[in-house]
Structure formats: C-alpha cells, structure tokens
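Note sheet for the following structure.
Residue numbers run from 1 in the order of the sequence given.
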Amino acid sequence: MRSFDPVSLAVIANRLDSIVREMENTLLRTGRSAVLNMARDFSCALITADNRLLASAEGLPVHVIGMEFIAEAVTELHPELTEGDAFLHNDPYLGNTHPADHVILVPVFWEGRHVFTAAAKAHQADCGNAQPTTYMPYARDVYEEGSLIFSAVRVQQGHRDVDDVIRMCRRRIRVPDQWYGDYLAMLGAARIGEARLKELCAKYGADVLAEFVEEWFDYSERRIAHVISTMPGGTIVGEGMHDPFGPAPDGIPIRVSISIDPGAGMIEADLTDNIDCLPAGLNESRTCALNNCMTGIFNSIDPDIPHNAGTFRRVRVRLRENCVVGIPRFPHSCSVATTNVGERLVVTTQRTIADAWDGYGLAEGACGIGPGFAVVSGTDWRKQEGAYVNQKFLGSQGGPAGPEHDGWVTYGNAVTNGLMFRDSVEIDEQKYPIRIREIRVRVDSEGAGRRRGAPGTRVLYGPKRDPMTAAYVTDGFHHPPRGTRGGGAAAASIAFKTGSDGAEEQLDPIAQVVLEPGELLGHLLSGGGGYGDPLEREPERVRADVLAGFVSVERARDVYGVVFSSAATDDSLQVDERETTRLRAAR
C-alpha cells in the first residue's frame, strides 16, 4: 500500500479544518438569532461523497458525531444530485439529532462528479412546535410536539430557493424573518464550504484528495487503536439517573456497559439494557444515543485524536429499537434528545470509566437546560414584528473534574463540552425586552475532590414591560452531578422565581412559566463532580479557590481540611499548615 506523503497529509488536513472554521465564522457573523450569533449553538462539517465524516473543527460533539447519517439520508432519498442543490434536513428518524436542529447540506461537485458534502447545522430559535419552545418534554408523540419536520427536502435547485419550502417555514415559524436570516446564514456557510472545497480540488485534483481521505482515515484509526492498546482491558457497567419526570415518576435510569479490548484496539459500548421509549419528548434519537455515548468515551481518552470516520471504526455503540437511549420508533418524540437524557448518557459513560480505572475518565458534569438556558418568548413593543422567541444561554453549569485537572468553569453542558458561548448581557438586553439582574458564581456549588469540579452560577432575569413566557427542562435537582474515586457530588440545580416584593419561590424543575413585569426567573446552576479525595487537594489550591470566590472559608475547613491563619479573603490569606496537617490527620 502506498503511503501518502506525511507533510501533504498534515497540510491538507489542516486546510480542511480551516475550511470548516471559515464556515463556522460565517454562521457566527451572519446569524440573525442570538442562538447563533452569541451562543454559537451550531456546527459545520465536511463529509465524503460516500457519507463518511471527514472534518468538523470545533463542532459540538452532539452535532457532528453522526453527521454522516444526515448526508446518507440525502443520497438515499435523492439518488440524482445536481450542482446547485441544497437540502434542508431535520428529521430525527433519518439521522438528525432533534427537530430544532436544522441542517443545510450542499453536495460539492468537481468535474461533474459528487466528491464531498458541506453541512451546516444550527439550533433554531423556533421550529414550529405547538408551544413557543424548541424543547417539548411532555409531548407524548411527534404530533403533539408539532414541529415542522423536513426529511432531506431540496430547498435550493440551481442555487435558487425552492419558494414552496421557504413559504411553509415562514408561515409556521413564529419569528419568520429571524428564521429566514438564520437560514441564509446556514446556506452561506455551506456555500462557503462548497467554494473552498472546489479550490482545494483545483489545487490538488480529485484523485489526490481521494487518496488523502483514505490515508487520513487510516492514520486516525491507527492513532486511536494505539491509545486503546495502552488502556486496561475488561467490561464495566455503570448506571446513572435522570430526575423524576412525568411518565417516569421514579426517574429515567441510564445503564451503559463498556468493553475495552486493548489487544484488538477496540471499545464497545452496549446501551441495549435500557428502558423502552417513553410517551414524552426526552427520548434519544439514534444519532444522539450514538454521539452522546461516544462523547463520554472520547472525554475519557486522548483528546487530541482526530474525530472522524477513521476514529469511529474503533468505537462501536450497540443500540436497540424502541429504547429511550436507542433507536426510537416513529412517532415517539425526540424533542429534547440533545440535552437531558443525552447529557446523562455522556456523564454516566465517562464516570463509569473513571470509577473502574484510575487515571481515566471524568466525574459527572452538570446536565439539563434549566432557567439559565430557558427558551423565552413574548411581545416586544419596540419592534414592528412584535413577537420574539429565543433561547437564552446566560448560566454556566460547572464542568467535571478529571484525574489531573479541575472542572471547566464555563463548561455549559455535557453534550457541548464547553464549546458553546454564553450570551452577552448587554446585547441580550438590546435585542430582547428583558432585564438581566444577576449572573454570579455560586459559592460552594462545586463537587469537592483532589481535583474539584467547577462551581455553577446564580442567574436572575425577567421582562422589562410585558409578560414573558419561559420554558425550561431542569435536571440535577434530585440527582446532582456525582463525583468519582472519592470525589464529592456538586450542588443541586434549582429553579426559582423572585416576586415583585423580592420574595423567592421555588419552581418545578420542568415547567413553562409566565413572568409578569417585576418578577424574575432564577436558577441556581449545579457544578461538576469532583475527582479523588478532597483531603488530598493541595492547600494552596484550596486557598486559590477561596480567593476566587469558588469555595468559602468554612467549606475549605469542613470538606477539604484546610485551615487559614485568619478569616481574611484577600491576598493576606495564608494557610495554617500545622493546623491543616493536624485536621487532615484526624480525618
């Protein structure tokens, strides 16, 4: 077998990466909704003509792992592709994540032959659901959910919009101009990818690029096979639990079995021993079940491995039909597939590995999309269009601790691994009729450990003049993120409301509430779980946590066994080494 020149391999791989990043920058700069131009809830990817994931740069794991299934739907439903085509796809039963993630796919042609597909996926501010939210946890089926579902529908032909499809979306979606602006941004990103891939073909030729693709996949496979060969072997089983909810009054159990075969260089995860689909919107789509489990695995091993079809050859995920973390049978709803249960699958997988083998895996990170990530809607008196709908990304849930690293403070949630952004307070208040009262670190919310989880935040916001509806799906109230290997659990995730008189009232974890002017929606976001014994944490690190406002002096003493020579919380704070040694020895 001829070996591809390693320098050319690196150059072309980085060029593909830069193409995806240019696509992403196009979406970020041109998206109309705050979901795109602030929160960055989107991903781009390049896929081979035979539907294998090639490049995804900084795509969100929940978006890009399994992106090949979306391209597969296009080629299966449209065997005759032509240059200038573009397709709109959001069908969770045909490879997509959930209906709120719209995908624009553009087949790229060179010398009359389909050679690549450029894809831009973006979460929508509104997708036509029965309620003004892109997450319908209580929807008993897809009909009650109400979303518009497009199964690889041709939305452009000859580089021109198919007006019938555009009219359908503009009629059904609550914020039609905003949606159309985001559609143009996705389309522009995909067309940028198309143009740059044509330039690459012109420079190297399609035959050389085809050879590169196979060598790149083989190289990626060799990389992960080597890493797996150094890991402990065996089969381990882990369990997690989503909070009680509607048709699951005792919670939704998650069970994952992971087998590692170092000799064969293979990892297999088995999700078949889980409950059947629920009459609710929390079921995982096939793609989400696959990518969330794989994310937990990739979080637990070398992070520098390329994530593409070559890597995926060495990681298998077994699914079954009609399973809450498997392959849903139509018309079971997958409205909330990208978060809650999916995030539990990520963190259960990585914690299972950590529990079994020291030095691998992570503790549990925070899960769910509570009020800090609510979809808000109402009427904006300042604008002619009137109605507004958008998801807020104001809070920050704490990331999990690992064997040698503390949790990531701006982690966000488990399925995105910190790659999304938080909203700008100033821009949110300009774009929407809301006032953000408070965003601050939530002291003592971290999971304690030799390496601690990150703290969560406290968020408080509400309408300026007219009532505001907020829909959210909190997880982690009953089952906060757990630590591993002696690490502690993080604080619970709590939804609350502040009345016009300032009194606080705890809210249901999953709800759709209407706030009147003067009322504020609040969220105490959970942190991430800890890794290892808190009494083994270096005292100077605990001191730094206290000075940062992450940990109180009292918690430093009671949980970490670290005593200070004074109660000051400024640079004069010093560890009392003798008393710390005595207290830790007594524990």
Side-chain angles (χ1 to χ4, degrees), residues 23-24 27-28 31-36 39-45 47 53 56 58-74 86-105 117-129 133-137 139 142 145-153 155 169 172-173 175 178-179 182-183 185-187 189-190 281-292 295 328 333-343 369 373 375 389-391 393 412-416 419-420 473:
M23 294 167 67
E24 292 170 341
L27 260 177
L28 182 66
R32 180 74 62 87
S33 69
V35 175
L36 269 63
R40 197 186 177 277
D41 193 353
F42 62 75
S43 302
C44 297
I47 303 159
L53 181 64
S56 58
E58 291 186 343
L60 309 182
V62 70
H63 280 171
V64 296
I65 300 176
M67 189 81 91
E68 60 271 23
F69 300 142
I70 303 171
E72 188 177 86
V74 171
F87 298 89
L88 171 60
H89 187 67
N90 72 329
D91 190 334
Y93 312 99
L94 284 177
N96 194 34
T97 40
H98 72 151
D101 285 338
H102 283 196
V103 192
I104 297 295
L105 298 107
T117 298
K121 174 185 284 194
H123 188 96
Q124 304 301 295
D126 185 81
C127 62
N129 278 341
T133 174
T134 45
Y135 306 95
M136 296 281 288
V142 70
E145 180 184 331
S147 58
L148 278 169
I149 292 183
F150 298 95
S151 303
V153 172
V155 74
C169 291
R172 179 65 177 274
I173 291 173
V175 281
Q178 180 175 265
W179 171 82
D182 286 349
Y183 160 74
M186 288 188 289
L187 184 66
L282 272 69
N283 301 296
E284 291 283 272
S285 60
R286 176 181 67 145
T287 295
C288 282
L290 174 78
N291 65 39
N292 289 325
T295 298
S333 173
C334 303
S335 180
V336 194
T338 53
T339 57
N340 295 51
V341 171
E343 294 185 306
I369 45 169
F373 306 99
V375 178
V389 182
N390 224 299
Q391 185 171 2
F393 292 88
N413 51 4
V415 296
T416 63
L419 288 171
M420 283 179 60
V473 191

What distance do Arg172 atom CZ and Ser147 atom OG have between them, rounded to the nearest 0.5 Å? 7.5 Å
Looking at residues at least two apart in the chain, or sitting in another chain, which of them share a ring-ring contact (aromatic ring centres under 6.0 Å, His included) with His63? none
Does Val155 form a side chain to side chain contact (heavy atoms under 4.5 Å, CB included) with Phe150? I'd like the steps, not just the answer. CA-CA 10 Å; Val155 74; Phe150 298 95; over 6 Å; no
Hey, does the side chain of Glu343 reach the backbone of Ile369 with a donor-acceptor pair shorter than 3.5 angstrom? no
For Thr117, side chain to side chain contact (heavy atoms under 4.5 Å, CB included) partners two or more places apart: Ile47, Leu105, His114
Any residue meeting ring-ring contact (aromatic ring centres under 6.0 Å, His included) with His89, in chain and number order, not counting sequence neighbours: none
Shortest non-hydrogen pair, Met67 vs Leu53, comes out as CB-CD1, 4.2 Å
What pairs with Tyr93 under ring-ring contact (aromatic ring centres under 6.0 Å, His included), at least two apart in sequence or on another chain? Phe330
Is it true that a side-chain atom of Thr416 and a backbone atom of Leu60 form a donor plus acceptor pair closer than 3.5 Å? no
Mark yes or no for whether Asp91, through its side chain, and Ser151, through its backbone, hold a donor-acceptor pair below 3.5 Å. no
Could you tell me which residues satisfy ring-ring contact (aromatic ring centres under 6.0 Å, His included) with Phe87, sequence neighbours excluded, listed by chain and number? His78
Kindly give the heavy-atom pair with the smallest separation between Ser56 and Glu24, and that separation in Å. O-OE2, 3.7 Å
Calculate, to the nearest 0.5 Å, the distance between atoms SG and OH belonging to Cys169 and Tyr183 respectively. 9.0 Å
Can a side-chain donor-acceptor contact be found between Asp182 and Ser33 if the only test is distance below 3.5 angstrom? yes
Backbone N or O of Ala122 within a donor-acceptor pair of the Gln124 side chain at under 3.5 Å? yes
State the CG-OG distance between Asn129 and Ser335, to the nearest 0.5 angstrom. 5.0 Å
Does any N or O in the side chain of Asn96 come within less than 3.5 Å of the main-chain N or O of Asn90, such that one atom is a donor and the other an acceptor? yes
Does Gly342 offer a backbone N or O that forms a donor-acceptor pair with the side chain of Glu284 under 3.5 Å? yes
If you look at every heavy atom in Val35 and Ala125, which pair is closest and at what distance? CG2-CA, 4.3 Å
Restricting to non-hydrogen atoms, name the atom on Pro92 and the atom on His98 that form the minimum distance, rounded to 0.1 Å. CB-CA, 4.2 Å
Those residues that, when tested against Thr133, pass side chain to side chain contact (heavy atoms under 4.5 Å, CB included) (two or more places apart): Gln131, Tyr135, Met136, Val375, Ala471, Gln512
Can a donor-acceptor pair be found between the side chains of Gln391 and Asp41 at a distance below 3.5 Å? no
In short, Leu419 meets Pro61 closest at the heavy-atom pair CD1-CD, 4.1 Å
For Ala189 and Met23, the nearest pair of non-hydrogen atoms, with its separation, is O-CG, 3.2 Å
Using a 3.5 Å distance criterion without hydrogens, assess whether the side chain of Ser285 forms a donor-acceptor pair with backbone atoms of Thr97. yes
